[in-house]
There are 4 protein chains.
Amino acid sequence: MPGKTRSTAVATTAPAQPRTPKPRADALRNRERIVTAAREMFVEFGPDVPLDEVARRAGVGNATLYRNFPDRAALVHEVVLAVTSRTTDRAEEATAEEADPFAALTRFVHAAADERIGALCPMLSGGFDKDHPELLAERRRLEEAVEGLVARAMSAGRLRTDIAVGDVLVALSQLTRPLPGIACPNIDRFTHRHIQLFLDGLEAPARSVLPGTAATLEDLRRRA
Amino acid sequence: MPGKTRSTAVATTAPAQPRTPKPRADALRNRERIVTAAREMFVEFGPDVPLDEVARRAGVGNATLYRNFPDRAALVHEVVLAVTSRTTDRAEEATAEEADPFAALTRFVHAAADERIGALCPMLSGGFDKDHPELLAERRRLEEAVEGLVARAMSAGRLRTDIAVGDVLVALSQLTRPLPGIACPNIDRFTHRHIQLFLDGLEAPARSVLPGTAATLEDLRRRA
Amino acid sequence: MPGKTRSTAVATTAPAQPRTPKPRADALRNRERIVTAAREMFVEFGPDVPLDEVARRAGVGNATLYRNFPDRAALVHEVVLAVTSRTTDRAEEATAEEADPFAALTRFVHAAADERIGALCPMLSGGFDKDHPELLAERRRLEEAVEGLVARAMSAGRLRTDIAVGDVLVALSQLTRPLPGIACPNIDRFTHRHIQLFLDGLEAPARSVLPGTAATLEDLRRRA
Amino acid sequence: MPGKTRSTAVATTAPAQPRTPKPRADALRNRERIVTAAREMFVEFGPDVPLDEVARRAGVGNATLYRNFPDRAALVHEVVLAVTSRTTDRAEEATAEEADPFAALTRFVHAAADERIGALCPMLSGGFDKDHPELLAERRRLEEAVEGLVARAMSAGRLRTDIAVGDVLVALSQLTRPLPGIACPNIDRFTHRHIQLFLDGLEAPARSVLPGTAATLEDLRRRA
DNA sequence: CATGAATGAGTGTTCATTCAT
DNA sequence: AATGAATGAACACTCATTCAT
């Protein structure tokens, strides 16, 4: 069921709240522009970009940004949510549209790179709540989707069996992680190569014995 | 000839220099402590740590740090140099001490991870001179050493032939790149797994056709 | 046409500029207060006063100062512009209102002292662009005005002919130059005496042969 | 009796002090070099030059400077003393060697400019004791010498009678005051012209009525 | 509701002065 | 006695966040 992209975060707690009269069209557009600008700039310059710059790129005043996201953590939260959601969409698409299980995994991995999943890494640093329920839910949705891809590929005997979804997602994130201040087009030239090499290493039969133990996404959260 | 670690930049090679009277023991020790502290903290918190914190960790006043390194760029420069040098040493050790070519490469890659080669990535962002002659020389030394490892493994038919030294070093750096604000021991639990998966993907015979073209270290420099 | 005081640099000449929406009243007032405070403090303590102190005297936060003037040079620039402009106004007033040519020059010279023209001297030292077009234009306006005063006095045979406008302005600036850290009222007690002595020396007929050659304002700029 | 230059400040209180064994030749030379360097750099860059730079120009370590002059005030004190003393020497020379009283005054004034008497102005700002007995004595010596020049020129009817020694010295100092950061040779091209104009204004008969009252050097001290 | 302006706290860097060799 | 190194306090400037229009 692909394409089930999350809607705005604040909107949906109770649908029948008379005190939030009307989310005014342009206000929503502003909010969206801010998130988009933030995602781009976090990718390009790291998660420490001056928020005033984000506001400028979004074409709004800085105070508008702060009205929508009370502090940097809130904005990071939203961007993480958005990237996770879009990545999950890619996983679901790959699941739905690729017949071959390993081809599905491969397609997802490269698509996730294009979604800048690597940008999540540096964003997880700062003091923002990685255990926020909303985030947890989204992460679980992602994990489930990728879990499906992994399980199917394993069942088909195409994937080595000593790895888990956490391994895929962490390595993938690291390999696609942007270098702050570096224009992205250039780095892409290499990342898809490296992702592919990594995929080749994931393929069955295993060519080595891996140290440590396979990782889930929750392991990752606990790492912090 | 392993272990040829670079000594400090200022250290006089010729003892008979009348104009550099005496490099005073404690001053050198201080300089060394600063570089060490900086390396640790750059790895742990990223290259934007307050220099005052670095000074505190090194146990010196902030001005002492500035006496030795006029600005942040100079300190980053020195740390990059140090990490590069130590990594090269590991490459030379592996070359000298491992008979099997692929085992040598494997040993080097894991050793480089322990040297935190990934810490170089975020350090390359800021405004510091990536083309400094000293750095260039050291980078060339590293490239040559790894080039040797790669060539030998290829000749032995153990390494796929559509990759180059740049692919190894970039992917390696990315995979071992620290998450700012995250204690390292935890991350290590995973990185060596992922490095190994990547190595498995490098092994001959190639399991896929790679997109793009193989990369040298100079390609990387030019990416910026 | 006296009294044509320069207005603020940003002030829009054409009222129909859609992209500079509204110069907000209080912001302009703040800007003006900063310039005034800076002028006073530069005169009193020299051009090296902590900008935080200037901000405090202006009754604004330091960041407000930096918002209006990105660095010290920008603030100096504005103050130099203001002092030059006000001095020019005095010259034009004297020209317009005094019938006797030498009386006009005399009046201007004493008025320029009261405008603290001497404060310009120390401000010309630091690294700020003395050739900025805006400054150049204003300096030319001043030079022209004083040139008029000098020429008229010379034509009337009241001024010795071996001097030029640069001599007047430089000597005047030097004689009225403030002593950093000294309250101004005291120094005034003497400066007008010395200015007068200098004027007496300027009067025709010349009582000596001057060394060197007469100076224009551009000579002065080139001195730096 | 010209040439009676003051000897070093600290040396001569009592010649037979057993606890100050021997002022070691090189130590004295160092002290002298420091004062000379300081005089030059105060003139060239103002009295705020980093003392480390002064030490470097003097060719000694910074600590040597601090051994001789416990703080900046002490160094300024010494330089003021030296300049005052040398200026006095010029006054005494002019008195002794010039027959014509006004020629003597003229010669002195130009000579004082060459001694950079103007450098005293900015040095009087900082927190240093202008009433130090040593300084007071030297200032009195200068005042007496110039008083003599002025009195003689007045008696001869060559000097207007509504001025005093303070007027001469203050205006002279101001007119020859260096612009920090500006090479001196250039400024000289103008100063001697302006001094001459001022002298012409001093000449009898007076061409105007001066405001305020004539000033002594002690008036100047009190200004602060 | 949206904005530009204001703010204070934080960081990089310099310098006068003291300390250890 | 002389030196290079060390230090903390000061200042310039930036940025997240709040306020007034």
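Reminder, nothing fancy here: chain letters follow the sequence lines and each chain counts from 1.
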Quiz item: With sequence neighbours left out, what residues match Arg67(B) under salt bridge (charged side-chain N to carboxylate O under 4.0 Å, His left out)?
Solution: none
Self-check item: Partner residues of Arg56(C) under the salt bridge (charged side-chain N to carboxylate O under 4.0 Å, His left out) criterion, sequence neighbours left out
Solution: Glu53(C)
Quiz item: How close or far is atom C1' of dG4(F) from atom CZ of Arg29(B), stated in whole angstroms?
Solution: 15 Å
Quiz item: Roughly how many Å is it from CZ in Arg31(B) to C1' in dA6(F), rounded to a whole number?
Solution: 16 Å
Exercise. Side chain of Leu51(C) only, please: which of dT11(E), dC1(E), dC13(F) is the nearest?
Key: dC13(F)
Self-check item: For atom CD1 of Ile34(D) and atom C1' of dA1(F), their distance in whole Å
Solution: 12 Å
Exercise. Sequence neighbours left out, what passes salt bridge (charged side-chain N to carboxylate O under 4.0 Å, His left out) with Arg39(A)? Give chain and number order.
Key: none
Quiz item: Rounding to a whole Å, what distance do you find between Asp52(A):CG and dT18(F):P?
Solution: 13 Å
Exercise. Give, ordered by number, those residues of residues 53-65 of chain B having at least one heavy-atom distance below 4.0 Å to an atom of DNA chain F; if nothing qualifies, reply none.
Key: Val60(B), Gly61(B), Asn62(B), Ala63(B), Thr64(B)
Exercise. Taking only the side-chain heavy atoms of Pro50(C) (C-beta and beyond), determine which of dA1(F), dA16(F), dC11(F) contains the nearest atom.
Key: dC11(F)
Quiz item: With sequence neighbours excluded, what pairs up with Ala38(D) under the side chain to side chain contact (heavy atoms under 4.5 Å, CB included) test?
Solution: Phe42(D), Val54(D), Leu75(D), Val79(D)
Quiz item: In whole angstrom, what separates Arg67(A)'s CZ from dT3(E)'s C1'?
Solution: 10 Å
Quiz item: Tyr66(B) OH to dA16(E) C1': how many Å, rounded?
Solution: 18 Å
Exercise. Please state whether the phosphate of dG12(E), meaning OP1 or OP2, lies under 4.0 angstrom from any side-chain nitrogen or oxygen of Arg72(B).
Key: yes
Self-check item: Sequence-distant partners of Ala74(B), side chain to side chain contact (heavy atoms under 4.5 Å, CB included), two or more places apart
Solution: Phe69(B), Pro70(B), Asp71(B)
Quiz item: Just how far, in rounded Å, is P of dA5(E) from CZ of Phe69(C)?
Solution: 13 Å
Practice problem: Could you state the atom-to-atom distance from CG of Leu28(A) to P of dC1(E) in whole Å? | Solution: 12 Å
Quiz item: Got a sec, which residues hit side chain to side chain contact (heavy atoms under 4.5 Å, CB included) with Tyr66(A), two or more places apart in sequence or on another chain?
Solution: Leu51(A)
Quiz item: What's the closest nucleotide to the Ala27(B) side chain, out of dA5(F), dA16(E), dG12(E)?
Solution: dA5(F)
Self-check item: Given DNA chain E, 5'-ward residue of the pair Asp71(D) and Asn30(A), judged by closest heavy atom
Solution: Asn30(A)
Practice problem: Could I get the full list of side chain to side chain contact (heavy atoms under 4.5 Å, CB included) partners for Asp48(C), not counting sequence neighbours? | Solution: Asp48(D)
Quiz prompt | 5'-to-3' dot-bracket of DNA chain F (Watson-Crick, G-U; under 3.5 angstrom; crossing pairs as [ ]; | other strand) | solution = .||||||||||||||||||||
Quiz item: What's the shortest heavy-atom distance between Ala37(A) and Arg57(A), and which atoms?
Solution: CB-CG, 3.5 Å
Exercise. Flag the pair Glu40(D) / Glu44(D) as yes when at least one side-chain heavy-atom distance between them is below 4.5 Å, and no otherwise.
Key: no
